[in-house]
Amino acid sequence: MEVEAYLGPDDRAAHSFRGLTPRTATMYGPPGHAYVYLIYGIWNCVNVVTRPAGEPQAILLRALEPGLGVDRCNGPGLLCRSLEIDRSSNGIPLTPPDLYLIDDGFRPAVITASPRIGVDYAGDWKDRPWRFATDSAHVSKPVLAVSRRSGG
DNA sequence: AATACGATTGTCT
DNA sequence: GACAATCGTATTC
């Protein structure tokens, strides 16, 4: 229902902004793998690496539609708690044949693009509209300033 | 070796 | 709106 794009190393909001470190190594790895990190000493967050090795970009998963054993999880920390994802899953492949992907037919009619959450420290990059959300109630926070894209 | 802080959430005012 | 919880990283000394 909601994701955010992190386009480091130019993106000041991205962990990879400051280059390759032990933590961000997964972001520099091949696409289709999970980048899981610990935030505030409490919460895990999961991303999908999106670009070929060497291009440290990823998509943060922020909200899912509840159901099929997934609890209500409005926000990246609660999402990982619901799916029991922690850093032990960092770097695992999210593509077949390691993972079965099921197309449930869901196609959002509307996708909004708005500023990312919790990146006020990112200077000029904080207002980039790289938070993408459906109009579902199951988003981490209300979508305020909105540009719209047509869905698929 | 020491320090500052975070891609969050819940609670209290 | 303010703030605590809690610890791995990255940065600084």
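Here is the naming used below: chain letters follow the sequence lines, and residue numbers restart at 1 for every chain.
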Should side-chain heavy atoms under 4.5 Å link Ile, Leu, Val, Met, Phe, Trp and Tyr, which residues sit in the same cluster as A:L38? none

A:R72 atom CZ is separated from B:dT9 atom C1', nearest whole Å, by 13 Å

Using atom P of each nucleotide, how far apart are C:dC3 and B:dC5 to the nearest Å? 15 Å

What's the separation between atom CH2 in A:W130 and atom CG in A:L60, rounded to the nearest 0.5 Å? 14.5 Å

Once salt bridge (charged side-chain N to carboxylate O under 4.0 Å, His left out) is applied, what residue pairs with a partner in residues 58-71 of chain A remain, sequence neighbours excluded? A:E2-A:R62, A:E4-A:R62

A:R116 with A:D11: basic N within carboxylate O range, under 4.0 Å: yes

Within the 6.0 Å centroid threshold, strictly below: A:Y37 and A:H15: yes

Distance check: side-chain N/O of A:R87 vs OP1/OP2 of C:dT9, anything under 4.0 Å? yes

For DNA chain B, produce a single dot-bracket line, 5' to 3'. Pairs: Watson-Crick or G-U wobble, both distances under 3.5 Å. Symbols: ( ) within strand, [ ] crossing, | other strand, . unpaired. ||||||.|||||.

Whether over 12 other heavy atoms sit under 6.0 Å from A:D104 CG: yes

Salt bridge (charged side-chain N to carboxylate O under 4.0 Å, His left out): pairs with one or both residues in residues 39-61 of chain A, sequence neighbours excluded: A:R51-A:E55

Distance check needed: C:dG8 C1' versus A:D86 CG, whole Å only. 14 Å

Restricting to nitrogen or oxygen on both sides, can you table the protein-nucleotides 6-8 of chain B pairs closer than 3.5 Å?
unit_1 : atom_1 : unit_2 : atom_2 : d
B:dA7  : OP1    : A:H15  : NE2    : 2.3
B:dA7  : OP2    : A:Y121 : OH     : 2.3
B:dA7  : N9     : A:Y37  : OH     : 3.4
B:dA7  : N7     : A:A13  : O      : 3.3
B:dA7  : N7     : A:H15  : NE2    : 3.0
B:dA7  : N1     : A:N47  : OD1    : 2.5
B:dA7  : N3     : A:Y37  : OH     : 3.1
B:dT8  : OP1    : A:R62  : NH1    : 3.3
B:dT8  : O2     : A:W43  : NE1    : 3.0

In the hydrophobic clustering that connects Ile, Leu, Val, Met, Phe, Trp and Tyr at side-chain heavy-atom distances below 4.5 Å, which members other than A:M1 occupy its cluster, ordered by chain and number? A:F106

